[in-house]
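Read through the structure below, which is laid out as C-alpha cells, and then see the notes.
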Amino acid sequence: MMKDYTDERLNMVDSQLAHRGIKDKRVLDAMSKVPRHLFVPSEIISIAHTDQPLSIGESQTISQPYIVALMSECLKLKGEEKILELGTGSGYQTAILAELGFSVYTIERISTLSIGAQRILEHLEYENIKFKVGDGTLGWPENAPYDGIIVTAGAPKVSQVLVNQLSEGGRIVIPVGNSFSQELVVVSKINKKIKTENICGCMFVPLIGKHGWNKEKKYY
Ligand code: SAM
C-alpha cells in the first residue's frame with residue numbers, strides 16, 4: 001500500500017505553520033488534509049513536506065508550505081467565495097483554495113503543468129475548480145467579480161485589470177517586486193477605494209504576461 005504521509009503532513013502543519021503564527025483554523029485544517037506529496041514529482045516525494053519551495057519541472061516551483069498557508073490566510077475566506085488564482089503550477093495551492101472557498105478559477109500559462117494539476121485534482125475529486133491555460137494577467141473577466149484573487153508568481157505591480165475584476169470588499173494577495181525579491185501585498189477594495197498592506201518579503205518565479213513581466217525582453 002502507498003504511504004499516506006499523514007505524520008509528515010501533521011508535523012509540517014504544527015512545526016512550520018502553527019508555531020510560526022498561522023492562526024486560521026480552516027487554513028490549518030485544509031493543509032492537514034490535502035496530500036501535498038501527490039503534487040511533487042515522484043523522485044522528491046520524500047522531501048515534499050520540507051520547509052522550502054520545490055522544483056516541479058518547466059523551471060517552476062511548488063511554493064513553501066508556510067507561504068501557501070500565509071497567502072491563504074491573507075484572503076480571509078469563509079467558505080462561500082469565488083476565487084481567482086493566477087499560476088496553477090502543481091495545483092497544490094488550488095487544492096487548499098478549493099477546501100477553503102466555494103469555487104476556484106485557476107489559470108496557468110504552461111499547459112503541461114495545468115494538465116498535470118487537473119489530473120491530480122480530479123483524482124482527489126474536487127468539483128469546484130475551473131481550469132484555464134493562458135495569460136492570467138488578463139484575469140478571467142467572464143466570471144468576474146471575484147471575492148479573492150491570489151497571484152502565485154512575482155508581479156511588477158498590482159495591475160488595474162485585476163483590481164477591476166475584484167468585488168467590493170474583496171482582496172488580492174500578490175507578491176510585488178523584481179525577479180530577486182518581492183513584498184507580499186494584500187490589496188483590499190473598500191467603498192471602491194484601494195487599501196494596500198505589506199505583509200512580508202518573499203521570493204517567487206516571475207509572473208509573465210501582458211500585465212506582468214515580458215519573457216522575450218527578459219528585463220525581470
Ligand atoms: N501555486 C503553485 C503551486 O502550489 O504549485 C505554485 C506556482 S509557481 C510558484 C508560479 C506559477 O505561475 C508557475 O507555474 C508559472 O508558470 C505560472 N505563471 C507565470 N506567469 C503566469 C501568467 N501570466 N498566467 C498564469 N500563470 C503564470
Side-chain angles (χ1 to χ4, degrees), residues 12 17 27 30-31 34-41 44-45 47-50 52-72 74-75 83-101 104-121 124 126 129-141 146 148-159 161-162 165 172-182 184 202-218 220:
M12 169 191 88
L17 310 185
V27 171
M31 301 234 355
V34 173
R36 181 171 167 93
H37 65 284
L38 297 183
F39 294 85
V40 304
I44 56 167
I45 203 165
I47 57 165
H49 300 87
T50 49
Q52 58 185 336
L54 296 169
S55 174
I56 54 170
E58 306 281 359
S59 306
Q60 304 303 326
T61 53
I62 175 172
S63 302
Q64 176 193 17
Y66 177 73
I67 281 288
V68 173
L70 181 64
M71 292 178 84
S72 305
C74 285
L75 283 170
I83 310 154
L84 176 66
E85 178 189 36
L86 311 194
T88 315
S90 68
Y92 178 65
Q93 172 80 74
T94 321
I96 301 296
L97 297 172
E99 288 286 334
L100 293 172
V104 182
Y105 294 82
T106 184
I107 310 176
E108 171 57 54
R109 61 181 285 275
I110 301 174
S111 62
T112 49
L113 293 180
S114 179
I115 290 164
Q118 286 182 48
R119 197 178 308 126
I120 302 164
L121 292 163
L124 293 174
Y126 286 105
I129 304 172
K130 298 269 186 298
F131 299 87
K132 181 173 176 172
V133 174
D135 179 6
T137 69
L138 303 171
W140 197 335
Y146 301 95
I149 299 179
I150 181 170
V151 182
T152 70
K157 61 179 188 311
V158 180
S159 88
V161 174
L162 295 185
Q165 293 183 29
I172 303 176
V173 179
I174 180 170
V176 181
N178 57 39
S179 64
F180 305 107
S181 69
Q182 302 97 30
L184 187 63
C202 57
M203 240 180 98
F204 278 82
V205 294
L207 181 74
I208 293 168
K210 184 166 182 212
H211 303 288
W213 298 107
N214 182 327
K215 191 182 180 210
E216 278 64 46
K217 286 192 185 157
K218 285 200 185 297
Y220 56 84

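Whatever order the structure lists them in is the order used to number ligands and atoms, beginning at 1.
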Mark yes or no for whether Arg36, through its side chain, and His49, through its backbone, hold a donor-acceptor pair below 3.5 Å. no

I'd like to check which ligand 1 atoms, numbered from 1 as shown, lie under 4.0 Å from a non-hydrogen atom of Ile62. 5 (O)

So the atoms of ligand 1 within less than 4.0 Å of a heavy atom of Thr61 turn out to be 5 (O), 6 (C), 7 (C), 8 (S), 9 (C)

Distance to 0.1 Å, residue and atom name: give those for the protein heavy atom nearest to atom 7 (C) of ligand 1. Thr152 OG1, 3.4 Å

Considering only protein heavy atoms, which is closest to atom 12 (O) of ligand 1, and at what distance to one decimal place? Gly87 CA, 3.3 Å

Check step by step if side-chain contact (heavy atoms from CB on, under 4.5 Å) holds for Leu162 and His211. CA-CA 10 Å; Leu162 295 185; His211 303 288; over 6 Å; no

What atoms of ligand 1 come within less than 4.0 Å of a heavy atom belonging to Pro206? 19 (C), 20 (N)

Is the backbone of Gly89 close enough, under 3.5 Å, to the side chain of Glu108 for a donor and an acceptor to pair up by distance? yes

Within-cut-off N or O pair, Ile208 and ligand 1, under 3.5 Å: yes

Region of Thr88 engaging ligand 1 - heavy atom pairs below 4.0 Å: backbone

At under 4.0 Å between heavy atoms, is it the side chain or the backbone of Arg109 that contacts ligand 1, or both, or neither? both

Is Ile110 close to ligand 1, meaning an N/O of one under 3.5 Å from an N/O of the other? no

Quick check on contacts: which atoms of ligand 1 are under 4.0 angstrom from a heavy atom of Gln93? 1 (N), 4 (O)

Decide whether an N or O pair under 3.5 Å exists between Ala153 and ligand 1. no

Residue pair Thr112 / Glu58, side-chain donor-acceptor N/O under 3.5 Å: yes

Numbering the atoms of ligand 1 from 1, which are under 4.0 Å from a heavy atom of Ile107? 25 (C), 26 (N)

I need the Glu99 CD to Tyr126 OH distance, nearest 0.5 Å. 3.5 Å

Who's closest to atom 5 (O) of ligand 1 heavy-atom-wise, of Gly212, Ser90, Gly139? Ser90

Give a yes/no on ligand 1: does Gly134 have at least one heavy atom closer than 4.0 angstrom to it? yes

Could you say whether the N/O atoms of Glu108 and ligand 1 ever approach to under 3.5 Å? yes

May I ask you to list the atoms of ligand 1 that are less than 4.0 angstrom from any heavy atom of Gly136? 22 (C), 23 (N), 24 (N), 25 (C)

So which heavy atom on Thr152 is nearest to which on Met71, and how close? CA-CE, 4.5 Å

Would you mind listing which atoms of ligand 1 come within a distance below 4.0 Å of any non-hydrogen atom of Glu85? 1 (N)

Under 4.0 Å from ligand 1, counting heavy atoms only, is it the side chain of Val68, its backbone, both or neither? neither

Give the C-alpha distance, both sets of side-chain angles, the deciding distance and a yes or no for side-chain contact (heavy atoms from CB on, under 4.5 Å) between Thr88 and Leu113. CA-CA 8 Å; Thr88 315; Leu113 293 180; over 6 Å; no

In terms of atom number and element, which parts of ligand 1 are under 4.0 angstrom from non-hydrogen atoms of Thr137? 23 (N)

Rounded to the nearest 0.5 Å, how far does CZ of Phe204 lie from OG1 of Thr61? 8.0 Å

Run the side-chain contact (heavy atoms from CB on, under 4.5 Å) test on Leu84 and Ile107 for me, step by step, so that the C-alpha distance in whole Å, both residues' side-chain angles and the decisive distance to 0.1 Å come before the verdict. CA-CA 8 Å; Leu84 176 66; Ile107 310 176; 4.0 Å; yes

Nearest 0.5 Å please: distance from the OG atom of Ser111 over to the NZ atom of Lys132. 14.5 Å

When you measure from the side chain of Gln165 to the backbone N and O of Leu138, does any donor-acceptor pair fall under 3.5 Å? yes

Tell me, with the steps shown, if Ile149 and Trp140 meet side-chain contact (heavy atoms from CB on, under 4.5 Å). CA-CA 11 Å; Ile149 299 179; Trp140 197 335; over 6 Å; no

Would you mind checking which non-hydrogen protein atom is closest to atom 13 (C) of ligand 1, with the distance to 0.1 Å? Gln60 OE1, 3.2 Å

